[in-house]
Amino acid sequence: MCPFMQFIDGGRRFQCAFCSCINEVPVFYFQHLDHMGRRMDLYERPELSLGSYEFIATLDYCKNNKPPNPPAYIFMIDVSYTNIKSGLVKLLCEELKTLLEKLPREEGVESSAVRVGFVTYNKILHFYNVKSALAQPQMMVVSDVAEMFVPLQDGFLVNYQESRAVIHNLLDQIPDMFADTNESETVFAPIIQAGVEAFKAAECSGKLFIFHSSIPTAEAPGKLKNRDDRKLFNTEKEKTLFQPLKGVYEQLCKDCVAQGCCVDLFLFPSQYLDLATMGDVPTHTGGSVYKYSNFQAEVDGTHFLNDLRKDVEKPIGFDAIMRVRTSTGFRATDFFGAIHMNNTTDVEMAAVDCDNALTVEFKHDDTLNEETGAFIQCALLYTTVGGQRRLRVHNLSLNCSSQLSELYKSCETDTLINFFAKSAYRAMLNQPLKNIREILVNQTAHMLACYRKNCASPSAASQLILPDAMKVFPVYMNSLMKTPAMVGSPEISTDERVLQRLCVMAMGVEETQVLLYPCLIPLNMDVSSSVLPGAVRCSEERLSDNGMFLLENGRLLFLWLGQACPSELIQSLFNVPSFAHLPEELNSLPELDNPQSKKVHAIISAISERRTNRMKLLIVKQKDRPEILFRQHLVEDKGLHGGASYMDFLCYVHREVRQLLT
């Protein structure tokens, strides 16, 4: 039921806005109509007066027709040599003591209903019994990784508040237990299998937080070998580097989705780990992948902990299934996101959270009515963190027009570019990058040629004419073609390219927008102003030797220092007399007690607050080697690893448009 349904016949029947069928109103739902033909209880019922609302689902919508149990979180820690040596295990165990106090909970409820469990592993798995009645946690070892099972049910998933003392005891012991380990081999697929089995036994959905260091080479299902080959870059076979290996991992995706088991993967690699395969389960279960290369606790610890805190605390729903319905004339044909699809209509997500967005492509396949417009309904069935089954419904009514100029006027460039990025990144699995880039240019040219031919007022052929709402479309499109994933350069590792591909597939519109056109902010030190300084165009021309700039793209945050930066500014921010005195490696920006330092920190935290990811700050000095990383984000300039400058791309597109028109 939604606000677009039309009640007739004194309220006894209604006409559906989607299929135009006329249905009887059930007795319990009957209500008289007023003199305008509207129901008397219009404003008392959310589903008749609001665009978005929730229903509590009946048992028909629950698994096995019984109410769900609250979800659980399992923390799975790789305790192999690398993770112990880098300080990760100690850092993580220490953090979990405070973090578990902040598990997500239902609004208005004092404590979280989410239960927690703990596993450590290398070549074998260790499960822990942390039942509140125990004085000491108990460890149970499973060394047969080929036939995965969970050795205990009672005491594995517990309420944190009740078992706090035992859990703290365990978290103190883990770093010491494995302090002298020499084991460097790990397993991976059996860990996820164990998580699914644990949720099955407890009859609940939930999330696995996996903290993993290296490519899983130990003898076990899902064992991987190094298949990284840079010789394949820019060849027909390059696509194989992005394709996940089938078999074990494909089955795991299905098992996870069926059980409502979401996987979040935190990776701490020092070399290639076949992220295309390892990241496959997270990206089909509504999960996320985080990567910290060559992790050292003292350097990268803060960044990792910020990510982890946000990930554990964020609002989330589990075991979700979504349908998108439309009125006649068009239909949903394709879906992009961290999702799994068994058929063409049901979008399944083991978990759905505030950071994962879904992009839907509609196909216009019949006449639309300008008077009635077009209707879309999106219905999501999910389990809350408190274990309640709910239906969330969004309704949208849109205008239709037969005038092309109207269409171009109201076109959403940011949404279009999000869609093109996701389509291109999906196509990377099956087509050579060269073809994909050609298709993108071709589509850009076609859109602009169509506008020129049908909507623009006559002008010289030498002019490139862009619709007002699409003025910036070419700059985003050019930037998309220069992203690391789309450019085969020996400087960028395969895993890095795969990571970008996986992340973009689940991004929302605002995130792809800033990723493809970063914010470049000049730090002119007006300490008295509380307003964020305005951004400038993302090009080297805008930098000045005596300036200081912040650049952010939602994933990275750079502070760029010009060689001729005023000494007093350097002094107030870094506590050294001048640019020349700055140390070789600048890892952090000190917090000093002066107006300039406070202002820069305030700007940085204001920027970080707006973004879904917690960004790591990289400080870059002009003419220094690390500056290369910063420069590849100046998207209006020529790409360092290939790719045209914005001006060159515009000329190229213009040529293509002219060709299409002649």
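In this text, all values refer to a predicted model and were calculated from it rather than measured experimentally.
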Which distance, rounded to the nearest 0.5 Å, do you find between the CZ of Arg331 and the CG of Asp366?
-> 10.5 Å
More than 12 heavy atoms of other residues, nucleotides or ligands under 6.0 Å from NE2 of His32: is that the case?
-> no
Donor-acceptor under 3.5 Å (Gln193 side chain, Leu252 main chain) | no
Just by distance, do the side chain of Thr285 and the backbone of Cys262 share a donor-acceptor pair under 3.5 Å?
-> no
With respect to Lys310, which candidate in Asp355, Asp264, Asp353 satisfies the salt bridge (charged side-chain N to carboxylate O under 4.0 Å, His left out) definition?
-> Asp355
Taken to the nearest 0.5 Å, the spacing of Asn613 CG from Glu511 CD works out to 6.5 Å
Test item: Asn343 side-chain N/O and Asp346 main-chain N/O as donor-acceptor pair under 3.5 Å = yes
Kindly confirm or rule out a cation-pi arrangement of Arg39 over Phe7, judged by NZ or CZ under 6.0 Å from the six-membered ring centre and within 45° of its axis?
-> yes
Roughly how far, to the nearest 0.5 Å, is the NE2 atom of His212 from the CG atom of Asp78?
-> 5.5 Å
Stepwise side-chain contact (heavy atoms from CB on, under 4.5 Å) test for Ile376 and Phe362 | CA-CA 10 Å; Ile376 300 174; Phe362 293 95; 3.8 Å; yes
How many angstroms lie between OG1 in Thr612 and CZ in Arg555, if you round to the nearest 0.5 Å?
-> 7.5 Å
If every non-hydrogen atom of Asn356 is compared with every non-hydrogen atom of Ala338, which pair is closest and at what distance?
-> ND2-CB, 4.0 Å
So, Arg389 side chain and Tyr61 main chain: donor-acceptor pair closer than 3.5 Å or not?
-> yes
Is the shortest side-chain N to carboxylate O distance from Lys63 to Glu203 below 4.0 Å?
-> no
Evaluate the side-chain proximity of Lys131 to Val166: yes if any heavy-atom separation is below 4.5 Å, no if none is.
-> no
Any ion pair linking Arg611 and Glu510 (charged N to carboxylate O, less than 4.0 Å)?
-> yes
With the side chain counted from C-beta on, respond yes when Phe127 and Val150 share a heavy-atom pair under 4.5 Å apart, and no when they do not.
-> yes
Heavy-atom check, side chain of Ile339 versus side chain of Leu358, under 4.5 Å = yes
Does the side chain of Thr512 pick up a donor-acceptor pair with the side chain of Asn418 at under 3.5 Å?
-> yes
For residues Phe28 and Phe30, establish whether the separation of their ring centroids is below 6.0 Å.
-> no
Taking atom types as modelled, find out whether Tyr128 and Thr120 have a side-chain donor-acceptor pair closer than 3.5 angstrom.
-> yes
Hey, what do you get for SG (Cys256) to NZ (Lys207), rounding to the nearest 0.5 Å?
-> 13.0 Å
For side-chain contact (heavy atoms from CB on, under 4.5 Å), just list the numbers for Leu273 and Met278, CA-CA rounded to whole Å, side-chain angles, deciding distance to a tenth of an Å, and then say yes or no.
-> CA-CA 8 Å; Leu273 41 65; Met278 291 183 73; 4.2 Å; yes
Does Arg426 make a cation-pi contact with Phe336, if we ask for NZ or CZ under 6.0 Å from the ring centre and within 45° of the axis?
-> yes
Ring geometry between Phe209 and Phe266 (parallel below 30°, tilted from 30 to 60°, perpendicular above 60°) | parallel
Cys2 and Val393: side-chain contact (heavy atoms from CB on, under 4.5 Å), yes or no, with the steps?
-> CA-CA 9 Å; Cys2 74; Val393 185; 5.7 Å; no
Salt-bridge contact Arg390-Glu106 (side-chain N to carboxylate O under 4.0 Å) = yes
Would you say the side-chain atoms of His340 pair up with the backbone N or O of Lys254, donor to acceptor, closer than 3.5 Å?
-> no
For the residue pair Glu147 and Asp144, establish whether any side-chain heavy-atom pair is separated by less than 4.5 Å.
-> yes
Atom of Cys411, atom of Ala469 and distance for their closest heavy-atom approach = O-CB, 3.6 Å
With distance as the sole test, does Asp41 use its side chain to make a donor-acceptor pair with the main-chain N or O of Glu44 at under 3.5 Å?
-> no
Between the side chains of Ser20 and Gln15, does any donor sit under 3.5 Å from an acceptor?
-> no
Please examine the side chains of Thr277 and Asp274, heavy atoms only from C-beta on, and report whether any two atoms are closer than 4.5 Å.
-> yes
Please check if atom NZ in Lys363 has more than 12 non-hydrogen atoms from other residues, nucleotides or ligands closer than 6.0 Å.
-> no
Under 3.5 Å, side chain of Lys200 to main-chain N/O of Gly195, donor-acceptor pair present?
-> no
Backbone N or O of Glu371 within a donor-acceptor pair of the Asn369 side chain at under 3.5 Å?
-> yes
From the list Val289, Leu265, Leu208, Ile192, side-chain contact (heavy atoms from CB on, under 4.5 Å) with Val281 holds only for Ile192
What's the verdict on side-chain contact (heavy atoms from CB on, under 4.5 Å) for Ile8 and Ile22, showing C-alpha distance, side-chain angles and the deciding distance?
-> CA-CA 9 Å; Ile8 53 175; Ile22 291 180; 3.9 Å; yes
Over all atoms of both residues, closest heavy-atom pair of Thr283 and Gly279 | OG1-O, 2.7 Å
Can you tell me if CG on Asn399 sees more than 12 non-hydrogen neighbours from other groups inside 6.0 Å?
-> no
Distance-only side-chain donor-acceptor flag, Glu370 / Ser402, under 3.5 Å | yes
What class does the angle between the rings of Phe118 and Phe75 fall in, given that below 30° is parallel, 30 to 60° is tilted and above 60° is perpendicular?
-> parallel
Tightest non-hydrogen contact, residues Lys314 and Cys354, listed as CB-SG, 4.0 Å
Output yes when Glu101 and Arg164 qualify as a salt bridge under the 4.0 Å nitrogen-oxygen rule, no when they do not.
-> yes
Any sub-3.5 Å donor-acceptor pair from Glu162's side-chain atoms to Asn159's backbone N or O?
-> no
Donor on one side chain, acceptor on other, Tyr290 and Asp311, under 3.5 Å = yes
Rounded to the nearest 0.5 Å, what separation is found between the OH atom of Tyr160 and the OG atom of Ser132?
-> 13.5 Å
Side-chain donor-acceptor pair present, Tyr382, Glu54, cut-off under 3.5 Å | yes
Would you find a donor on one side and an acceptor on the other, under 3.5 Å apart, between the side chain of Ser163 and the backbone of Val158?
-> no
Any side-chain heavy-atom pair of Val187 and Pro216 under 4.5 Å | no
Any idea which heavy atoms bring Pro71 and Val385 closest together, and the distance?
-> CD-O, 3.4 Å
Minimum heavy-atom separation for Leu275 to Val498, with atom names?
-> C-CG1, 3.9 Å
Check: Pro68 and Cys204 side chains under 4.5 Å, non-hydrogen atoms | no
Residues Asp255 and Gln251: side-chain donor-acceptor under 3.5 angstrom | yes
Angle class for the Tyr292/Phe268 ring planes (parallel below 30°, perpendicular above 60°, tilted otherwise)?
-> parallel
Is there side-chain contact between Tyr43 and Leu48, with heavy atoms separated by less than 4.5 Å?
-> no
